[in-house]
Undergrad: 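Below is the structure I would like to discuss, written out as structure tokens.
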Amino acid sequence: MIDLSKLNHNQLKAVTTEVGPVLVIAGAGTGKTRVLTTRIAYLIEHENYDHNKILAITFTNKAASEMRNRIINMLGNINVSWIGTYHSICLRILKQDIDQLGRDKNFSIIDEQDQLDIIHDIYKEGEISIKDIKPKKALEIIENVKTENINLFNIKSMKELNELGIYKYDLISSFRYIVKQYENKLIQNNLLDFNDLLIFAHKLLKENSVIREKWQNKFDYILVDEFQDTNYLQFQLLNLLINPNKLNIFAVGDPDQTIYTWRGAYPNIFNDYLDNFKNTKIHVLDLNYRSTKNILRVANHLIDYNNQRIKKDLVTNNDEGDSVICYIGDTSQLEAHFITQQINDLVKTKKYNYNEIVILYRAKYLSRTIEQEFINNNIPYYIFGDIRFYQRREIKDLVSYLKILVKPKDDITLRRIINVPVRGIGQKTIDSIRNYGLQNNLSFYETLLKCANNQIEAEWNKKSVKEFVVLLEYLFTNSKNLSIVDTLRFIIKVTKYEDHLKSLDQFEDRWENVNELIVATEEYQAKFPNNSLVDFLDEISLYTESDDHKVQSRNSVSLMTIHFAKGTEFKVVFIMGMNEDIFPSYRLQSQNDMEEERRIAYVAITRSMKKLFLTCNLGFSPISSDKLTPSRFLKEIGKNNYQEMRSEMKTISEIDLDWYDSVASFNKEDNYRENNVEFKIGDVIVHTVFGSGVIIGIKSDTLEVAFKAPFGIKSIIKTHKSIKRLKN
DNA sequence: GTGTTGAGTATTTTT
DNA sequence: TACTCAACAC
């Protein structure tokens with residue numbers, strides 16, 4: 001039985017709304033997920049909808065499983081199976097129907113690492129230098145071209161190139177080659193990248209009316225979570241999935257929390273929705289249950305600076321709560337030190353536990369200073385999204401072996417493990433095998449088989465290669481009747497994988513991860529006893545988040561990017577690095593970008609339930625050698641809305657106490673001396689990458705400089721443009 | 001030819 | 001820190 005009495009007036013109206021298109025504008029902490037899940041339960045219990053005909057789309061896998069569990073809690077043993085991310089929904093559709101597009105159903109999905117491996121191959125074959133185009137850049141262009149459906153051969157103007165992210169005209173032919181080859185390789189190996197899942201599903205539903213109608217009839221009701229982060233392609237998909245005779249769609253979102261425009265989301269999608277679905281019923285939720293009045297005041301003040309926005313303030317019946325604290329440290333170390341001290345206080349006075357505290361930052365690299373300080377002070381912490389579980393080397397290795405059992409012709413995967421553990425097959429041999437395959441139109445695996453059968457006379461065809469083939473054959477024949485988890489254990493045993501890990505660093509951590517994989521596999525099999533190894537591999541190929549259920553019981557402070565924190569809440573929130581050029585980022589190109597930064601800050605602030613700390617420092621920028629200034633967001637929030645604290649230390653960086661007004665007038669160059677003056681030992685210099693450091697040695701044309709951890713002592717050419725010296 | 005090591009270089013956000 | 005690449009030992 002569902003309990004509707006816990007809902008407030010607006011929530012109840014949204015949950016019990018009529019059929020047809022609905023849009024719920026729900027601010028942070030207003031019970032968005034509760035409304036969505038209760039709506040699903042309501043449809044099933046009160047409106048007699050079939051739970052197998054309800055489709056709910058979430059932004060993360062975590063949100064999907066949370067939603068599923070909540071519904072099970074409300075309704076008992078009813079599993080709404082069509083809850084998932086756009087990607088997982090598309091995967092399920094394609095696994096059924098991709099053959100309609102002339103593709104094999106036995107495709108597999110590649111992650112970013114695989115994509116980069118493929119790009120490296122293309123570089124080798126096309127003799128493209130990594131120095132001209134960095135693989136990450138190539139990948140960025142590939143993604144842009146694919147999602148925007150752009151043909152690089154049609155591009156003529158420099159402006160169009162710039163919009164894509166290409167700034168040198170001479171490189172266009174290289175990019176054309178890379179993009180074309182990339183697509184070829186995916187088709188040859190029957191691979192789909194994350195974008196392809198959406199692109200192919202869209203193509204399928206758009207072009208094939210029989211299939212489209214099949215899926216439209218499959219779903220009686222569609223619900224969308226985090227609607228503000230939907231991109232154009234995803235919106236088109238929704239339009240194709242929705243049954244045009246019913247138009248039963250229920251979208252929940254908050255335009256102020258659009259923080260994924262770089263992945264194609266656009267704030268104007270709310271208008272598109274209203275245009276597309278006439279007579280949409282709009283519900284607004286603005287009563288916040290999460291935060292104190294003080295915290296909401298900060299959030300409301302900040303977001304009000306965005307011009308392109310429908311004004312809406314969050315209100316709450318909660319207490320005023322503690323003051324929001326803004327700390328300004330003279331150096332990044334002092335900033336980190338302040339955070340540790342506060343955490344120690346909060347925990348020692350037993351007000352809060354470590355796991356109720358989160359440190360949020362704009363960019364991943366900012367976690368390092370904090371991490372160091374936490375280690376020094378024995379504060380338990382966990383960095384989320386650090387390296388995702390399934391991207392870890394040991395996990396990828398073992399999963400690759402599993403993949404090979406299912407699909408030996410997957411060249412990329414096979415090459416990943418051919419020398420793991422090390423078995424004397426180096427890059428030269430691998431290249432030779434590959435080239436032979438390319439010339440003779442054989443897959444990597446087929447070439448290996450020829451080697452083993454002595455059908456290839458070549459220097460590189462030697463004992464170690466043959467032994468690998470024997471190992472593979474042994475795995476194939478003896479794993480046929482094993483369960484998934486036993487197959488995994490078998491692989492670990494046969495490859496002596498534990499010994500291999502012992503030869504690497506961090507053996508304990510890695511071995512623990514392997515065991516975690518075994519547990520995850522066992523759990524999967526217990527949950528879905530009829531599913532095959534292929535099903536398991538498909539599932540985990542989309543599950544990129546780190547496994548967090550254990551972490552919560554670990555009682556440690558959480559560290560994560562703000563993007564990662566979306567949808568979570570913590571009693572105590574520290575937002576660090578509130579500095580110009582860090583947050584907002586120095587990379588911004590337009591006013592729209594600035595508004596997005598403000599929304600990111602808004603998301604960060606509204607994660608907090610009880611206590612909020614905003615911290616910044618006046619040290620040196622990790623990006624340029626400039627001095628940092630506090631973020632404009634602090635000014636926009638307004639001094640009256642928080643209590644300001646400063647570090648006591650007097651430094652050369654002492655600036656006006658009224659630092660707001662000094663932000664613009666502060667002349668950075670004043671602090672530097674010309675570089676052609678002679679250096680002496682003890683001078684402080686600033687390096688664009690390593691930050692500040694002290695000269696500890698001077699040679700004829702180089703300096704020995706001691707930089708802060710983790711950089712340590714470096715030799716720098718005296719005249720190098722990346723260094724500046726401080727005035728004495 | 002293979003594997004290790006040290007130097008050099010570079011840092012937004014993620015399904 | 002994390003990643004690549006060139007130089008060296010085997």
Side-chain angles (χ1 to χ4, degrees), chain A residues 57-64 84-91 109 111-113 116 120 129-131 134-136 139-140 143 147 193-198 226 229-231 233-234 258-265 360-369 371-372 383-388 390-391 393 419 421-432 459-460 462 464 503-504 541-546 560-566 577 581-588 593 596-597 599-600 603-604 621-624 687-691 709-717 722:
Chain A
I57 300 173
T58 60
F59 197 71
T60 63
N61 296 304
K62 203 172 106 194
T85 61
Y86 281 100
H87 298 269
S88 72
I89 301 292
C90 288
L91 172 63
I109 300 152
D111 63 15
E112 191 185 324
Q113 193 52 56
L116 289 170
H120 274 114
S129 166
I130 200 164
K131 281 174 186 125
K134 291 199 197 96
K136 280 238 166 101
L139 188 55
E140 182 196 322
E143 304 264 283
T147 41
D193 63 25
F194 281 162
N195 276 324
D196 286 332
L197 292 170
L198 303 181
E226 308 277 15
D229 288 323
T230 306
N231 68 29
L233 183 59
Q234 291 164 338
T258 308
I259 58 172
Y260 283 94
T261 57
W262 51 276
R263 232 171 62 194
L360 299 179
Y361 35 82
R362 176 68 180 85
K364 254 185 217 159
Y365 71 91
L366 292 164
S367 64
R368 284 189 207 139
T369 46
E371 197 182 359
Q372 196 52 53
I383 302 179
F384 283 79
D386 191 16
I387 309 170
R388 284 102 182 276
Y390 285 101
Q391 313 246 74
R393 180 163 154 188
N419 202 31
V422 175
R423 45 174 80 90
I425 305 173
Q427 200 54 52
K428 276 271 148 72
T429 310
I430 294 173
D431 286 347
S432 305
E459 203 186 326
W460 46 264
K462 45 184 198 188
S464 53
S503 70
L504 304 174
S541 64
L542 291 180
Y543 197 82
T544 55
E545 288 157 76
S546 50
M560 59 182 86
T561 64
I562 298 165
H563 284 83
F564 200 89
K566 200 177 76 155
D581 292 342
I582 294 175
F583 195 13
S585 163
Y586 69 106
R587 285 189 179 235
L588 306 187
D593 288 352
E596 173 129 332
E597 293 291 297
R599 290 192 294 267
I600 298 170
V603 168
S621 163
I623 295 133
S624 64
H687 187 273
T688 47
V689 176
F690 310 128
F711 300 112
I713 295 166
K714 305 263 177 197
S715 297
I716 312 273
I717 296 169
S722 61

Undergrad: Side chain of A:V422 only, please: which of B:dT11, B:dG3, B:dT14 is the nearest?
TA: B:dG3

Undergrad: Distance check: side-chain N/O of A:T561 vs OP1/OP2 of B:dT14, anything under 4.0 Å?
TA: yes

Undergrad: If I take atom CG in residue A:L116 and atom C1' in nucleotide C:dC3, what distance separates them, rounded to the nearest angstrom?
TA: 12 Å

Undergrad: Grab the CD1-C1' distance between A:I425 and B:dG3 for me, whole Å please.
TA: 14 Å

Undergrad: Testing the basics here: between A:I582 and A:G577, what is the closest heavy-atom pair and its distance to 0.1 Å?
TA: CG2-O, 3.5 Å

Undergrad: Between P on B:dT13 and NZ on A:K566, what's the gap in Å once rounded to a whole number?
TA: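 From A:K566 NZ to B:dT13 P: 16 Å.
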
Undergrad: Checking A:E112 now: which residues fulfil salt bridge (Lys or Arg N to Asp or Glu O under 4.0 Å) with it, not counting sequence neighbours?
TA: none

Undergrad: Is A:Y86 touching bases, backbone alone, or none of the nucleic acid, heavy atoms closer than 4.0 Å?
TA: nothing

Undergrad: OH of A:Y365 versus P of B:dT11: gap in Å, rounded?
TA: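 Answer to the nearest Å: 12 Å.
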
Undergrad: Both A:A363 and A:K428 contact DNA chain B. Taking the nearest nucleotide for each, which residue is further toward the 5' end?
TA: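 Upstream on the strand: A:K428.
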
Undergrad: Check ring pair (Phe, Tyr, Trp, His ring centres under 6.0 Å) between A:H563 and all other residues, then give those that pass, not counting sequence neighbours.
TA: A:Y260, A:W262

Undergrad: Whole angstroms only, please: what is the NZ-P distance between A:K136 and C:dC3?
TA: 8 Å

Undergrad: Measure CG/A:D196 against C1'/B:dT15 and give the value in whole Å, please.
TA: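 Whole-Å distance recorded here is 13 Å.
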
Undergrad: What nucleotide among B:dG1, B:dT11, B:dT14 has an atom nearest to a side-chain atom of A:T429?
TA: B:dG1

Undergrad: Of A:I430 and A:E112, whose closest DNA chain B nucleotide lies nearer the 5' terminus?
TA: A:I430

Undergrad: Between B:dT11, B:dT13, B:dT15, which nucleotide gets closest to the side-chain atoms of A:T60?
TA: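 For A:T60, the side-chain atoms sit closest to B:dT15.
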
Undergrad: Checking contacts here: which listed nucleotide (C:dT4, B:dT11, B:dT15) is nearest the side-chain heavy atoms of A:R368?
TA: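 Closest of the options to the side chain of A:R368: B:dT11.
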
Undergrad: Closest approach to the side chain of A:N419, judged atom by atom: which nucleotide of B:dG3, B:dT2, B:dT14 is it?
TA: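 Nearest nucleotide to the side chain: B:dG3.
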
Undergrad: Using whole Å, what does the distance between atom P of nucleotide B:dT15 and atom CG of A:L233 come to?
TA: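 Atom CG in A:L233 sits about 17 Å away from atom P in B:dT15.
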
Undergrad: With the threshold set at 4.0 Å, does a side-chain nitrogen-carboxylate oxygen contact exist between A:R263 and A:D229?
TA: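 No, this pair does not count.
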
Undergrad: Output yes when A:R599 and A:E596 qualify as a salt bridge under the 4.0 Å nitrogen-oxygen rule, no when they do not.
TA: yes

Undergrad: Could you state the atom-to-atom distance from CZ of A:R393 to P of C:dA2 in whole Å?
TA: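 It works out to 13 Å between those atoms.
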
Undergrad: Using a 4.0 Å heavy-atom cut-off, does A:T85 contact any base of the nucleic acid, only the sugar-phosphate backbone, or nothing at all?
TA: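 Contact class for A:T85: sugar-phosphate only.
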
Undergrad: Starting the side chain at C-beta, find the nucleotide from C:dC5, B:dT15, B:dG3 nearest to A:I130.
TA: C:dC5

Undergrad: Ignoring hydrogens and angles, are the base of B:dT13 and the side chain of A:R263 linked by a donor-acceptor pair under 3.5 Å?
TA: no

